[in-house]
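Index from 1, following the sequence. In what follows, every heavy atom counts, from backbone to side chain, and hydrogens, waters and symmetry copies are set aside. Since the structure is predicted, the reported quantities are computational estimates derived from the model, not experimental observations.
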Amino acid sequence: MSDIRKSHRLTAIAIVAATGSVLAGCASSGAKYAPIVDGPAGPTYEADLQDCQQLAETRNYDNADTRTDAGVGAGIGAAIGALDGSLAEAAAGAVVGGLFGAGEGAMETRGERKEIVITCMRGRGHKVVG
């Protein structure tokens with residue numbers, strides 16, 4: 001195996017490992033957000049917060065939007081990898097692009113989970129400011 005191929009393989013492995021770590025770290029994030037409220041927290045704040053956080057966790061990271069982002073990333077990565085005319089480079093580009101796309105989708109889901117907590121808490125009468 002050539003040194004260039006070994007280098008590409010090691011790069012791909014490193015990217016896969018890093019992306020997996022990032023996605024694993026996102027597993028409960030967003031849903032565990034505790035918003036700031038204007039004024040003192042009322043007597044139902046903690047119970048409401050737990051309920052709203054559990055509601056936010058129902059927005060799964062493995063959703064249609066994340067899968068679409070992964071597919072688009074894979075397509076772009078494959079196209080870029082294919083520029084040198086190599087099927088191996090196209091495949092590696094698809095993998096790397098798909099991982100980056102999935103990571104982007106996961107970050108969007110994290111933000112959605114945070115917004116679910118905020119909206120839920122406001123709906124329960126808490127003066128959420130952030």
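In this view, E112 and R59 satisfy the side chain to side chain donor-acceptor pair (under 3.5 Å) rule, not counting sequence neighbours. In this view, T68 satisfies the side chain to side chain donor-acceptor pair (under 3.5 Å) rule with no residue, not counting sequence neighbours. In terms of the salt bridge (Lys or Arg N to Asp or Glu O under 4.0 Å) criterion, residue partners of R67 (sequence neighbours excluded) are, by chain and number, D62.
Here the CD atom belonging to Q50 is positioned 8.5 Å from the NZ atom belonging to K32, to the nearest 0.5 angstrom. Between the CD1 atom in I116 and the CD atom in Q53 there is a gap of 12.0 Å [rounded to 0.5 Å]. Between atom CZ of residue R122 and atom CG of residue D48 there is a gap of 14.5 Å, rounded to the nearest 0.5 Å. Atom CZ of residue R113 and atom CD of residue E108 lie 14.0 Å apart, to the nearest 0.5 angstrom. Here T109 contributes atom OG1 and E104 contributes atom CD; the two are 10.0 Å apart, rounded to the nearest 0.5 Å.
At least one side-chain heavy atom of I118 sits less than 4.5 Å from a side-chain heavy atom of Y33. Side-chain contact between R110 and K114 is absent, with no heavy atoms from C-beta onward closer than 4.5 Å.
Partner of V128 under the side-chain contact (heavy atoms from CB on, under 4.5 Å) criterion, out of V117, I36, T119, V37: V37 alone.
Residues I80 and V72 share a single hydrophobic cluster, defined by chaining ILVMFWY side chains whose heavy atoms lie under 4.5 Å apart.
Within the structure, disulfide (SG to SG under 2.5 Å) contacts touching residues 70-130 (residues at least two apart or in different chains) are C52-C120. Listed by first then second residue, pairs satisfying ring pair (Phe, Tyr, Trp, His ring centres under 6.0 Å) with a partner in residues 68-96 number zero, not counting sequence neighbours. Listed by first and then second residue, the ring pair (Phe, Tyr, Trp, His ring centres under 6.0 Å) pairs involving residues 103-130 are Y45-H126 (not counting sequence neighbours).
Environment of CG in L87: sparse, with no more than 12 heavy atoms of neighbouring residues, nucleotides or ligands closer than 6.0 Å.
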